[in-house]
There are 2 protein chains.
Amino acid sequence: MTQSAVKFDQSIDQPSPSTAKRDAIVKAAAQVFLEHGYGAASMDQIAQKAGVSKQTIYSHFGAKDALFEAIVHSKCAALTGRGVSSPDESKSLEDVLYDTASSFLTVILAPESVTLYRTILSECVRFPELASAFYRSGPRSACDRLGAFLASIEDNESVEFKDPVASAEMYFAMLRGDLYMQCILSLREMPNDNEVAAYAREVTDTFLDAHRISGNN
Amino acid sequence: MTQSAVKFDQSIDQPSPSTAKRDAIVKAAAQVFLEHGYGAASMDQIAQKAGVSKQTIYSHFGAKDALFEAIVHSKCAALTGRGVSSPDESKSLEDVLYDTASSFLTVILAPESVTLYRTILSECVRFPELASAFYRSGPRSACDRLGAFLASIEDNESVEFKDPVASAEMYFAMLRGDLYMQCILSLREMPNDNEVAAYAREVTDTFLDAHRISGNN
DNA sequence: GTCTATAAAAGGATAGAC
DNA sequence: GTCTATCCTTTTATAGAC
């Protein structure tokens with residue numbers, strides 16, 4: 001691992017003269033890294049798929065780990081905000097929750113998200129910054145946004161959230177249920193829209209039941 | 001990948017004459033595989049840590065993938081039943097749930113479980129059988145056992161479970177919340193007993209609130 | 001069964017020409 | 001900036017002696 005692995009941000013989007021080759025490298029590297037993981041991915045394979053020579057890759061990114069970090073960081077950055085509906089005040093709480101659930105499930109069950117998650121998880125010890133960036137861009141971002149929305153619900157209905165962020169975390173945890181587990185383990189095909197909708201409904205109903213003021217929470 | 005990779009079960013526990021070396025290999029391989037993953041783990045490293053030559057490993061297991069499968073399968077088998085309290089009928093539902101939550105969290109947050117989960121996830125495409133074995137021994141086993149217990153709760157209290165297995169899945173999903181996410185991403189130290197107890201309590205309370213008959217579920 | 005030594009291949013990284 | 005050709009290390013797997 002070289003020290004140049006830190007300069008990922010200026011490597012990924014600068015208006016360089018030859019952006020074409022660079023983009024091809026990024027695209028190819030993303031495919032290879034996410035499909036095979038960091039260790040099993042080879043620079044030869046990336047170079048071949050990108051249609052460039054290996055040396056061109058090294059000229060742009062310096063080393064394998066730097067390229068990997070650049071790829072994963074850009075994928076994480078693309079994750080921010082996705083999977084969480086904007087806090088539309090005109091909608092009912094139930095609708096907001098259901099929409100959030102649907103879009104969140106759609107995002108985390110996308111094949112690219114699944115492979116990204118697997119890759120980061122398997123390399124989180126070697127690349128702690130990537131794990132942190134993923135967490136902040138993905139789960140943490142989603143929880144904070146939904147938590148802020150739940151905190152804005154006060155006199156609204158027959159529900160209450162004493163700890164909005166904790167409730168949001170619980171909500172997303174419920175969404176990462178058995179369906180998600182089977183998908184990330186590659187034990188079944190990705191669910192279609194109907195299955196996603198059904199599970200989003202189930203989780204939303206359960207979540208709302210748990211936070212009715214008739215309960216003790 | 002060789003065809004001999006299938007014979008994992010008879011490789012892991014047969015009363016061979018020289019069980020000492022074999023056990024040393026298994027122990028060393030488990031450490032190396034779970035720490036570095038399949039790709040980054042080298043047979044040389046395993047041989048050195050086991051105190052045997054590489055050829056001895058190949059004599060016993062044939063190939064790297066067969067050794068890997070043997071190790072992971074044994075680790076998965078050791079998972080069955082753990083993390084789920086036995087359905088003690090003398091205890092209250094709340095106590096059973098809380099005990100289940102505590103022991104489940106303790107198991108899945110154990111460093112060995114975390115590394116096993118990471119390893120299987122990163123290799124689930126190359127080794128589909130391992131992913132399936134893990135799922136059956138771990139999450140599925142836990143859900144089925146708790147689901148059966150929840151199904152036995154009928155006239156008991158002020159709660160009801162229309163779909164016991166689905167409720168059990170939801171319960172374990174709630175337990176795999178933000179705390180678990182941060183731990184498997186290696187973003188924080190493993191929680192102590194107090195933190196585990198507090199989260200087990202929070203999940204149990206929320207779960208019970210969601211299934212009160214006053215609710216719509 | 002177990003060891004040492006080695007084959008055979010793959011992969012990360014670099015040199016030098018254009 | 002980009003390419004071809006090459007170096008060097010690592011790693012899986014095997015051959016043959018004891």
Side-chain angles (χ1 to χ4, degrees), chain A residues 1-7 10-29 31-33 35-71 119 122-123 126-127, chain B residues 1-5 7 10-12 14-29 31-33 35-71 123 126-127:
Chain A
M1 184 175 305
T2 68
Q3 300 91 324
S4 64
V6 189
K7 307 182 180 181
Q10 70 177 353
S11 301
I12 194 58
D13 50 8
Q14 60 177 339
S16 166
S18 67
T19 315
K21 301 258 180 193
R22 187 187 194 87
D23 290 349
I25 294 172
V26 169
K27 185 177 178 182
Q31 289 181 3
V32 176
F33 276 133
E35 182 179 348
H36 298 95
Y38 176 75
S42 76
M43 300 294 271
D44 291 88
Q45 197 176 358
I46 295 173
Q48 185 178 358
K49 179 163 287 195
V52 302
S53 76
K54 256 199 303 186
Q55 186 57 274
T56 303
I57 301 181
Y58 280 96
S59 298
H60 278 276
F61 296 93
K64 186 184 182 184
D65 53 6
L67 176 60
F68 181 67
E69 295 196 353
I71 299 300
T119 302
S122 65
E123 299 297 334
R126 199 200 306 232
F127 298 95
Chain B
M1 185 175 306
T2 68
Q3 299 91 327
S4 64
K7 307 181 180 182
Q10 69 178 356
S11 301
I12 194 58
Q14 61 177 340
S16 166
S18 66
T19 315
K21 301 255 182 197
R22 187 186 194 86
D23 289 350
I25 295 172
V26 169
K27 185 177 177 181
Q31 290 180 3
V32 176
F33 275 133
E35 183 179 349
H36 298 94
Y38 176 75
S42 77
M43 300 294 270
D44 291 88
Q45 198 176 357
I46 295 173
Q48 185 178 359
K49 180 163 286 195
V52 302
S53 75
K54 255 196 306 184
Q55 185 57 273
T56 303
I57 300 181
Y58 280 97
S59 298
H60 279 277
F61 295 93
K64 186 185 181 183
D65 53 5
L67 176 60
F68 181 67
E69 294 197 353
I71 298 300
E123 299 297 335
R126 198 202 307 233
F127 298 95

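Naming: A, B, ... by sequence-line order, numbering from 1 per chain.
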inquiry  = Nearest 0.5 angstrom please: B:E69 CD to B:F61 CZ, how far?
reply    = 12.0 Å
inquiry  = At 10 degrees resolution, what angle do the end axes of the helix from C:dG1-D:dC18 to C:dC18-D:dG1 form when each is taken over five base pairs?
reply    = 10°
task = Return the minimal non-hydrogen interatomic distance between A:A40 and B:R126, and the atom names on each side.
result = CB-NH2, 4.5 Å
ask   = Whole Å only: how far is the NE2 atom of A:H60 from the P atom of C:dA13?
value = 17 Å
key: Separation of C:dG1 C1' from B:F61 CZ (nearest whole Å)   = 14 Å
Length of the CD1-C1' vector between A:I57 and D:dT4, whole Å = 15 Å
inquiry  = Applying side chain to side chain donor-acceptor pair (under 3.5 Å), can you list everything that pairs with A:S53, at least two apart in sequence or on another chain?
reply    = A:T56
inquiry  = By nearest atom, which of the nucleotides D:dT2, C:dC3, D:dA13 is closest to the A:S59 side chain?
reply    = D:dT2
ask   = Does the side chain of A:S53 get closer than 4.0 angstrom to OP1 or OP2 of D:dC3 through an N or O atom?
value = yes
ask   = Between atom NZ in B:K64 and atom C1' in C:dA9, what is the gap in whole Å?
value = 14 Å
note = Smallest heavy-atom separation, B:I71 atom then B:V26 atom, equals CD1-O, 3.4 Å
What does the list of N/O pairs under 3.5 Å between the protein and nucleotides 14-18 of chain C look like, with a distance for each?
unit_1: C:dA15; atom_1: N7; unit_2: A:Q55; atom_2: NE2; d: 3.4
unit_1: C:dA15; atom_1: N6; unit_2: A:Q55; atom_2: NE2; d: 2.8

query = Taking only residues two or more places apart in sequence or in another chain, which ones pass side chain to side chain contact (heavy atoms under 4.5 Å, CB included) with A:T119?
reply = A:L34, A:F68
key: Taking every non-hydrogen atom, the tightest pair across A:A41 and A:V32   = CB-CG1, 3.6 Å
query = Which of residues 42-50 of chain B sit near DNA chain D, with a heavy atom under 4.0 Å from it?
reply = B:S42, B:M43, B:D44
query = For B:A41, which contact category applies under a 4.0 Å heavy-atom criterion: base, sugar-phosphate, or nothing?
reply = sugar-phosphate
For residues 43-51 of chain B, which side-chain donor-acceptor pairs fall under 3.5 Å, sequence neighbours excluded?
unit_1: B:D44; atom_1: OD2; unit_2: B:K54; atom_2: NZ; d: 3.4
unit_1: B:K49; atom_1: NZ; unit_2: B:Q31; atom_2: OE1; d: 3.4

